[in-house]
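Note that the structure is a prediction, hence the values are computed from the model and not measured. Along the sequence shown, residues are numbered consecutively beginning with 1. The basis for the numbers below is simple: all heavy atoms, side chains too, and nothing from hydrogens, waters or symmetry mates. Order of appearance sets the numbers: ligands from 1, and atoms from 1 within every ligand.
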Amino acid sequence: MQMDVISIRKKLKKKLDEQRYEHTLGVAFTAMSLAMKYDVDLHKAELAGLLHDCAKCMPDEVKLHKCEKYNIEISDTERKNPSLLHSKLGAYLAEHKYGVEDPEIFNAILYHTTGRADMTMLEKIIFVADYIEPRRNKASNLSEVRKLAFENIDQTVCKIMKDTLSYLEKKNAVIDNETMHAYEFYASETRKTN
Ligand code: DGI
Ligand code: FE
Ligand code: FE
């Protein structure tokens with residue numbers, strides 16, 4: 001059965017550390033603001049925002065173990081970077097532990113880290129809200145990206161993907177195929193409209 005938002009928040013507060021919980025609230029509120037701008041159901045944006053990182057705060061071994069237990073497929077890239085699994089596992093837990101019944105919400109959780117080609121508006125909103133929520137302070141050009149998010153969501157997705165890829169390349173991190181493919185899609189999409 002679908003849990004109400006207040007009960008979901010209470011459960012998340014137990015499962016996440018303090019910073020991650022604050023980030024989660026920031027993503028939920030930012031997602032709702034973007035949903036107002038882009039005509040998306042506010043409740044779906046809130047649920048997807050609240051639950052997107054529900055599987056983030058567990059050790060990598062536990063993520064791997066739970067994926068095996070629930071028969072969630074683990075790719076080579078994910079085996080090398082088990083942190084990436086928090087999206088897949090989060091989508092599974094949203095359904096089975098938080099009672100979310102809406103596949104649009106699972107997909108927004110599932111693709112929030114890598115993105116994917118041709119995302120739905122809800123998927124783009126969660127992808128962007130994760131990066132721009134008020135408590136985030138990592139990227140240097142955040143004020144610019146925050147403004148752009150309310151002007152052109154596709155360009156924002158493309159910019160975030162580009163910045164994330166150059167950050168990962170600098171770190172010599174393994175890049176997931178989905179991340180690369182998603183960037184190529186949005187790079188060509190925004191070229192078409194410019
Ligand atoms: O969970 P959050 O920290 O809120 O944000 P997130 O789910 O977007 O995860 C962010 C991290 O994931 C960030 O450091 C970039 C990294 N990431 C995104 N795509 C890839 C990736 N890491 C690797 N190794 N490969 C990817 O393709
Ligand atoms: Fe995440
Ligand atoms: Fe997040």
Side-chain angles (χ1 to χ4, degrees), residues 8-9 12-13 15-34 45-60 62-64 66-67 72-94 98 100 105-117 119 122-142 145-146 149 156-187:
I8 291 179
R9 280 210 211 120
L12 286 169
K13 201 164 188 181
K15 300 282 179 187
L16 303 176
D17 63 41
E18 200 173 20
Q19 257 192 326
R20 185 61 50 183
Y21 182 68
E22 287 298 315
H23 162 71
T24 290
L25 295 183
V27 174
F29 289 127
T30 305
M32 283 194 278
S33 308
L34 289 167
E46 181 170 35
L47 285 175
L50 281 175
L51 290 168
H52 83 285
D53 274 342
C54 70
K56 183 90 178 180
C57 290
M58 50 180 97
D60 283 352
V62 177
K63 289 190 189 86
L64 287 161
K66 285 195 193 277
C67 283
I72 300 171
E73 203 184 313
I74 305 170
S75 70
D76 289 346
T77 319
E78 288 162 343
R79 210 168 272 286
K80 286 188 196 116
N81 296 277
S83 163
L84 287 171
L85 286 172
H86 79 277
S87 329
K88 272 186 181 173
L89 187 55
Y92 179 93
L93 297 179
Y98 294 84
V100 172
I105 298 178
F106 313 147
N107 282 340
I109 301 172
L110 188 56
Y111 295 108
H112 87 266
T113 305
T114 57
R116 67 161 159 170
M119 289 192 273
L122 182 65
E123 288 164 19
K124 291 188 244 192
I125 283 177
I126 298 302
F127 184 80
V128 169
D130 194 21
Y131 197 83
I132 66 166
E133 64 93 3
R135 301 271 187 261
R136 268 270 204 244
N137 55 10
K138 285 210 187 92
S140 54
N141 54 352
L142 264 180
V145 182
R146 284 181 173 130
T156 313
V157 166
C158 187
K159 186 156 187 41
I160 294 173
M161 286 175 173
K162 192 170 173 207
D163 292 352
T164 303
L165 278 173
S166 60
Y167 163 79
L168 292 170
E169 273 157 16
K170 246 185 256 156
K171 283 207 322 180
N172 276 325
V174 189
I175 293 168
D176 195 279
N177 285 340
E178 196 82 67
T179 305
M180 207 58 224
H181 184 208
Y183 172 64
E184 281 159 7
F185 178 90
Y186 281 96

Looking at H86, pick out the N, O or S atom nearest to the Fe ion (ligand 2) and give its name.
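Nearest to the Fe ion (ligand 2) within H86's N, O and S set: NE2.
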Proximal atoms of ligand 1 relative to [X] (non-hydrogen, under 4.0 Å):
X	answer
H23	4 (O)
H112	7 (O)
N81	24 (N)
L84	20 (C), 21 (C), 22 (N)
H86	1 (O), 7 (O)

For the backbone of [Y] and the side chain of [X], can you confirm whether one donor and one acceptor N or O come within less than 3.5 Å of each other?
X	Y	answer
K124	T156	no
H86	S83	yes
K63	M58	yes
R146	E133	yes

Return the set of protein N, O or S atoms whose distance to the Fe ion (ligand 3) is under 2.8 Å, each given as residue and atom.
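Sorted hits: H23 NE2, H52 NE2, D53 OD2, D130 OD1.
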Stepwise, does the side chain to side chain contact (heavy atoms under 4.5 Å, CB included) test hold for L51 with L12?
CA-CA 8 Å; L51 290 168; L12 286 169; 4.2 Å; yes
Strictly by modelled atom types, are D130 and H23 linked by a side-chain donor-acceptor pair under 3.5 Å?
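The answer is yes; a qualifying pair exists.
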Check [X] against [Y] and note the closest heavy-atom contact, atom names and distance.
X	Y	result
Y131	T164	CE1-OG1, 4.1 Å
T114	F127	C-CE1, 4.1 Å
A129	A31	CB-N, 3.8 Å
L142	I132	CD2-CA, 4.1 Å
A94	I109	CB-CD1, 3.7 Å
T24	L50	CG2-O, 3.1 Å

Nearest non-hydrogen protein atom, [atom]:
atom	value
atom 13 (C) of ligand 1	Y167 CE2, 4.6 Å
atom 19 (N) of ligand 1	T179 OG1, 3.5 Å
atom 10 (C) of ligand 1	T113 CG2, 4.5 Å
atom 8 (O) of ligand 1	D130 OD2, 3.3 Å
atom 25 (N) of ligand 1	V174 O, 2.8 Å
atom 3 (O) of ligand 1	K56 NZ, 3.2 Å
atom 15 (C) of ligand 1	T164 CG2, 3.9 Å
atom 17 (N) of ligand 1	L168 CD1, 3.9 Å

Min heavy-atom dist R20 to ligand 1 below 4.0 Å:
yes
Look at ligand 1 and say whether E178 reaches it with a heavy atom at a distance under 4.0 Å.
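Checking ligand 1 against E178, which is what was asked, there is no heavy-atom contact under 4.0 Å.
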Does an N or O anywhere in R136 fall below 3.5 Å from an N or O of ligand 1?
yes
Given the rule in the side chain to side chain contact (heavy atoms under 4.5 Å, CB included) test, do H112 and D53 qualify, once you have shown the distances and angles that lead to the verdict?
CA-CA 9 Å; H112 87 266; D53 274 342; 3.1 Å; yes
When rounded to the nearest 0.5 angstrom, what distance separates CG in L64 from CD in E78?
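So the CG of L64 and the CD of E78 are separated by 9.5 Å.
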Rounded distance (nearest 0.5 Å) linking atom CZ of R116 with atom OH of Y111:
4.5 Å
How does E78 reach ligand 1, if at all, at less than 4.0 Å between non-hydrogen atoms: by side chain, backbone, both, or neither?
neither
